[in-house]
Amino acid sequence: MLALDPLVGDSPQALDPLVGGASATVFSRTAYEATSKTSRELALWSSPILSADKEILPEKIEADVRVRDVMRNDAYVRNGVTIQQDSIVGEKFLLNSRPNAKVLGLDEVWAEEFQEEVEAKFTLWAESINNYPDASRMNTLTGLIRLIVGIHAMAGESLTSVEWLRDSGRPFNTAFQLVDLDRLSNPNGEMDSKTLRGGVRKNQYGAPLGYHIRMSHPSEYDALDNYTWRYVPVAKPWGRIQMIHLVDQWRPDQSRGISMLIAALKETRMGKKFRDIVLQNAVLNATYAASIESDLPPEVAMQQAGGGESNALTDFAADYLGAINDYVGASRNMRIDGVKVPVFFPGTRMRLQPAGSPGGLGSNFEQSLMRYTAAALGVGYSELSKDFSDANYSNLKAELAGTERRMRSQKRATADRAATHFFSLWLEEALNKGEITSMPRNAPNFYEGLKKEAYTDCTWIGASMGQIDELKETQAAVLRINNGLSTREDELAKLGKDWRTVYRQMKREKALQDSLGLQFGADKSSTNMMNAAGGTPSDEGAAPRSETKEESGDE
């Protein structure tokens, strides 16, 4: 006869573990423990099911404001954003034009002439001290790209309008104006809809059609155009881009971006408060509080602290304190070798009490909070904190390799895309004005098919990631080149240099060196050359050395 379990009833099936068992009936276990709604650890975890825009847009303003606040006031966050700008853009963002001659139906000779002319003229315009690319005349191209990278780190997106300026002295009319993202919003507080999301007008497929830009920042209440919006189409009817909106998308149907720091914002904020508390604690520990203690009965002490209102007690306290004053005052002249000896009323003593030290605080705790910030910003902890005390060559190389991977992807997604838009718009104007003399008479139409993409195909040379051991890393670069795993163009680009510029400079130096009859280093003799693979002088030309038995491997 089956034993009955009062928890599950008298059904034999309820007791059969093969059918379901009591635990399955009572606790309703899920296939995945992480989705359990009855476990003690996860019972209160309730996550809303929302679209990407429903997640971001209601919280967008507050998220951006808080991220900007920590960037203003937290040196580590500021450093993290600066690391991104320095690692992606560097001191000069250089164009490396690569026109696709095959798609254009032209030869490589033309491609070489075109890219040299385009690079020279674009770089002169882009990096001019007159700040031609910036409509506000504040930044060169490099400055604009650095600003875009910084804005993208804070908000997960950037917005740039393309202007056509007729200012005197401008060699080209194309200019760019970065737009504060707080100004991108629905006009007059209009509710989001299927075709309007966070100031972005979209079509049925989610492609942006235009942007509603508030004419003044929402905080500028005194501006006359504060409640006026301007609608700017994403492109002209013939296809010329008017608005460049770069969004770091996490999900499909996402109209606006959000900062990469948002996942670590709480820990970042707590880290800032932690440092404030530690600083305050250090200041307080440098001070002392003095108290005079008495052997009076407890009830009298409580009354002295305000627990009673008896006149007799007040009179007693006044007489008592007066007696102390008379007694101590009489001892002011008591000194031993010039050192004052404090004397107190009998039954009274003084204690110096240092300020309390908060418990559970320490460097390891601060490091754990800072690692959240480092992970969110995609930089190494040592680099973010500027603390290399526990670092060695191996873990620094691993850390920098991870940072380099993240920076390369960020460069491609933000800096390169923005700069390529700038180059494409400039080249369109330059071609229409006849400024590019290397164009053949039968050049393919810029607006036909993929010809525009073929003309503007390019890469961008940004910052060098730096080297920890220059000898080893240079040897590795030479080995990659010698074994066909890389090119001199790629290796020089990693150092933030343009190979054509380097080669031309080397040619100039060689010509001047020969004209003056000078010889340096490796030019004197091949025997003085350093072996790039081993870092030792070359044995070329030296007599062969006989092998020992051990070196040859013979028994």
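Computed from a predicted structure; not experimentally measured.
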Q: Evaluate the side-chain proximity of Glu116 to Lys121: yes if any heavy-atom separation is below 4.5 Å, no if none is.
A: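 They are not in contact (no side-chain heavy atoms under 4.5 Å apart), so the answer is no.
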Q: Treating Glu117 as the side-chain partner and Thr437 as the backbone partner, does any N or O pair qualify as donor plus acceptor under 3.5 Å?
A: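 A pair under 3.5 Å: yes.
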Q: Looking at side-chain heavy atoms only, is the closest gap between Leu450 and Glu453 below 4.5 Å?
A: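 Side chain of Leu450 against side chain of Glu453, heavy atoms only: contact under 4.5 Å found.
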Q: Considering only heavy atoms from C-beta outward, does the side chain of Thr228 approach that of Arg214 to under 4.5 Å?
A: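 No, too far: nothing below the 4.5 Å cut-off.
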Q: For residues 89-96, dump all side-chain donor-acceptor pairs below 3.5 Å to protein atoms at least two apart in sequence or in another chain.
A:
unit_1, atom_1, unit_2, atom_2, d
Asn96, OD1, Arg500, NH1, 3.3
Asn96, ND2, Thr459, OG1, 3.0
Asn96, ND2, Glu489, OE2, 2.6

Q: For Tyr372, enumerate each residue passing the ring pair (Phe, Tyr, Trp, His ring centres under 6.0 Å) test, keeping only those at least two apart in sequence or located in another chain.
A: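 Counting only residues at least two positions away or on another chain, Tyr372 forms no ring pair (Phe, Tyr, Trp, His ring centres under 6.0 Å).
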Q: Within the 3.5 Å criterion, strictly below it, is a donor on Arg201 or Ser255 matched to an acceptor on the partner's side chain?
A: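 Looking only at side-chain atoms, Ser255 and Arg201 do not form any donor-acceptor pair under 3.5 Å.
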Q: Evaluate the side-chain proximity of Arg256 to Leu184: yes if any heavy-atom separation is below 4.5 Å, no if none is.
A: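 A side-chain contact exists here, since the closest heavy-atom pair is under 4.5 Å.
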Q: Could you tell me whether Phe172 and Trp426 have their ring centroids closer than 6.0 angstrom?
A: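 Close enough - the centres of the two rings lie under 6.0 Å apart.
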Q: Is there a side-chain contact between Glu108 and Glu112, using heavy atoms and a 4.5 Å cut-off?
A: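 No. Closest side-chain heavy atoms not under 4.5 Å.
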Q: Tabulate below the donor-acceptor pairs under 3.5 Å that side-chain atoms of residues 229-236 make, not counting sequence neighbours, or state none.
A:
unit_1, atom_1, unit_2, atom_2, d
Trp229, NE1, Ser185, O, 3.4
Trp229, NE1, Ser185, OG, 3.0
Tyr231, OH, Gly210, N, 3.4

Q: Cation over ring, Arg275 on Tyr76, under 6.0 Å and within 45°?
A: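 No, Arg275 and Tyr76 do not form such a contact.
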Q: Tell me, which pairs form a ring-ring contact (aromatic ring centres under 6.0 Å, His included) where one or both residues lie in residues 173-208, sequence neighbours left out?
A: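 Output for this query lists Phe176-Phe422.
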Q: Evaluate the ring planes of Tyr455 and Phe114, with Trp represented by its six-membered ring, and classify them as parallel (under 30°), tilted (30 to 60°) or perpendicular (over 60°).
A: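 Ring orientation of Tyr455 relative to Phe114: tilted.
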Q: Any chance OH of Tyr221 has more than 12 other-residue heavy atoms, nucleotides or ligands included, within less than 6.0 Å?
A: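 Not buried by this count: 12 neighbours or fewer within 6.0 Å.
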Q: OG/Ser259 to CZ/Arg66 distance, rounded to the nearest 0.5 angstrom?
A: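 The OG atom of Ser259 sits 13.0 Å away from the CZ atom of Arg66.
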Q: Is the shortest heavy-atom distance from the side chain of Lys451 to the side chain of Leu104 under 4.5 Å?
A: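 Contact flag for Lys451/Leu104 side chains = yes.
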Q: Report the residues that fulfil side chain to side chain donor-acceptor pair (under 3.5 Å) with Ser382, sequence neighbours left out, ordered by chain and then residue number.
A: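 Listed in chain order: Glu399.
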Q: Is there a side-chain contact between Met138 and Leu144 (heavy atoms, below 4.5 Å)?
A: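 With C-beta onward as the side chain, the pair stays apart.
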Q: State which residues pass side chain to side chain donor-acceptor pair (under 3.5 Å) with Asp225; sequence neighbours excluded, sorted by chain then number.
A: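 Applying side chain to side chain donor-acceptor pair (under 3.5 Å) to Asp225 gives Ser216.
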